[in-house]
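Scroll down for the structure; my scribbles are underneath it.
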Amino acid sequence: MNEAFAGRRTASTTSIELIAGKTFPAWRDKQSKAVQAWLVRSGFEPRPGAVAVLPAQGKAQPRVLACIGEQVDLWSVAGLPGQLAAGTYEIVTKPTADEATQLAIGWGLGSYRYRAYLSGADRRWPKLVMPQSADGDEVRRQVAAATLVRDLINTPAADLGPPELAAAAAALARKFGAKVTVVSGKILERNFPAVHAVGQAAEKKPRLIDFRWGRTSDPKVTLVGKGVCFDTGGLDIKPAQGMRLMKKDMGGAAAVLGLAHLIMDGGLPVRLRVVIPAVENNIAGNAYRPGDIIRTRHGTTVEIGNTDAEGRVILADALALADEESPDFLLDCATLTGAARVALGPDLPALFCGDDDTAMGLLGAGDRTLDPLWRLPLWQPYRRYIDSPIADINNAGTSGFAGAITAALFLSTFVANAKVWAHIDLFGWNEDSRPGRPKGGEAMAIRAVLEFLRHRFGA
C-alpha cells in the first residue's frame, strides 16, 4: 500500500488527465499549438490504455494524458504504474467519489509485484496521491486483501505447505481478534479422516484451520477454502506440465482468507467462520490409492476413483464441519476442476448455487465489481456419474462428461443444514499480464462476494 500511494502532493507532482476517446478532439483543440504538434508527431491515438507524457511548457510541469474507456472503472488507470517513470502523480480530472475509489484501487492492484525471491534492488515505481474524494479505507483494505491472496498463491510450495498456510491464516485471524483453532495429528485423523487420508503421505502433515470472528448474534457466514498446497496428483500422478502450477492449488484457501480480510477489516455485521483443510497431495508408501474407500466426517463413504480428484475429498470433511452449525450462508472456493476452465476459460469462475436469488445476487455483484462469475447448473441427473457399487459415492466416477458439475454434486452431498450454499470453482491465476492483473496468482471472486454480502447482510 505504501509503495503505491504518496502521502500528499508536492511541487514536483505530475498531473494525470483522464480523457475518453470521443472527447479527445475537443480536448486537443483547446491545447496549445505546441502540444497539438507534439501529439501529431508522436502518433498518439486516443484508444483506451494509450498514454502520452506531454512535454513541459515554460514553468509548468510535464503532464500525463491517459486515455480511458467511455466509463471510469476499476481498470481505467491500472496499467499506469507499469508505464510511468518513478515519481509522484495526481489525477486532476474530477471523478465522483465512487469513481475515485475505483481508480485508486485499480492503481493499487496495478502496482503489485511479487519480488520475494528476486535479488537486487527493485526499480522505483510511481506513486499516486490518493484522490481527495476516494474512500481511503476501502482502497487500503481492497489492495491489502488482493495482495494477501496473490502473495499466498505465488509463494512456492517448498515455503508454503500446510503448516505455513496455517500460520498465515492464524496471523490474519489474530490481527482482527478472531479465535483460531488448528487441528493436526491424531485428532485430525480421528475427526477429519478424509483430510488425513489425502495429506498423510506428505512430509508436511495436514492441518484443519478453523477461525471465528464477530458477534454471535449476527448472521452466520461460513467460508471454506481448498488448501491443497501442492498437488502431484498422488499415485495417479500428473504429467510435468500439469504439475507445473500446482503451488496454486491452494487458491481457494487464499481467496477465502482475502475475503475474510475484507469482511473483518470492514466490520461487516456477520458472525464469520473460516474453515480450511490444508494438505499436500504427495506420493509415498502410505499414500491413499485408487480403489481405496475413505470414511468421511459426515459418515459418507467415498470410493477413490482417482487420487488426483483430492480437493473434493478434503472439502467433504470441511463442508461437513461447517454445515453442522447451520450457517445462514455457506460458501466454498476451490481450484477444483480443469473442466470448469475448459468450459469458461481462466477468467470466469464457475458458480454453483441451488438458490436462484442468491445466485442472481452473486452474479449481479460480480458485474458491478468487474469480478465476474458464471453460473453452471447443479444438474441432479448427472449424479449417476459418481455412483459407486461399493461405497456411497465415487470421488471421480468413470465418465469424462460434466466434470465441474459432478464435482459440485459431490460437494453437495456434504451440505444439508446450511440455509444457502454456494460453490465457486476458480482458477486463481492470470495466464498473462493485463492492466492491474499481472501474470501469477490472482484474487478471484472476493470483490464480488463482498459486494453480495454487503447487500445481503450489511447494516
Run the side-chain donor-acceptor check on residues 440-447: report pairs under 3.5 Å with partners two or more places apart or on a different chain.
from	atom 1	to	atom 2	distance (Å)
Glu442	OE1	Arg150	NE	3.0
Glu442	OE1	Arg150	NH2	3.3
Glu442	OE2	Arg150	NH2	3.1
Glu442	OE2	Asn430	ND2	2.8
Arg447	NE	Thr369	O	3.3
Arg447	NH2	Thr369	O	3.4
Arg447	NH2	Leu370	O	2.9

Going by atom type alone, with no hydrogens or angles, which donor-acceptor pairs under 3.5 Å involve a side-chain atom of residues 397-409 and a protein atom two or more places apart or on another chain?
from	atom 1	to	atom 2	distance (Å)
Ser399	OG	Phe401	N	3.0
Thr406	OG1	Ala402	O	3.2
Thr406	OG1	Gly403	O	3.1

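Distance alone, capped at 3.5 Å, is enough to place a donor-acceptor pair between the Lys220 side chain and the Glu325 backbone. Checking side-chain atoms of Asp317 against main-chain N and O of Arg297 turns up a donor-acceptor pair under 3.5 Å.
The shortest distance between side-chain heavy atoms of Arg456 and Thr358 falls below 4.5 Å. Proximity of Asp231 to Asn282: side-chain heavy atoms (C-beta onward) are nowhere separated by under 4.5 Å. At least one side-chain heavy atom of Leu235 sits under 4.5 Å from a side-chain heavy atom of Pro290. Between Cys229 and Lys247, every side-chain heavy-atom pair lies at or beyond the 4.5 Å cut-off.
Closest approach of Ser133 to Ala100, counting heavy atoms only: OG-CB, 3.3 Å. Here the shortest heavy-atom pairing between Ala309 and Asn395 reads O-ND2, 3.0 Å.
Using a cut-off of 4.0 Å between Lys/Arg side-chain N and Asp/Glu carboxylate O, Glu431 and Lys439 are scored as not salt-bridged.
The side chain to side chain donor-acceptor pair (under 3.5 Å) pairs that include a residue from residues 152-171 are Tyr112-Asn154, Tyr114-Thr155, Tyr117-Asp159, Glu164-Lys204, where partners are two or more places apart or lie in different chains.
Relative to the six-membered ring of Trp429, Arg341 misses at least one condition, a distance below 6.0 Å or an angle of at most 45° to the axis.
Below 30°, between 30° and 60°, or above 60°: for Phe410 and Phe414 the angle between ring planes is between 30° and 60°, a tilted geometry.
Shown are Lys127, Arg113, Arg124; of these, the salt bridge (Lys or Arg N to Asp or Glu O under 4.0 Å) with Glu3 is made only by Arg113. The only option from Thr300, Thr301, Thr296, Asp387 that meets the side-chain contact (heavy atoms from CB on, under 4.5 Å) definition with Ile393 turns out to be Thr300.
Sparse packing is recorded around CZ of Arg174, with 12 or fewer heavy atoms of other residues, nucleotides or ligands lying under 6.0 Å away.
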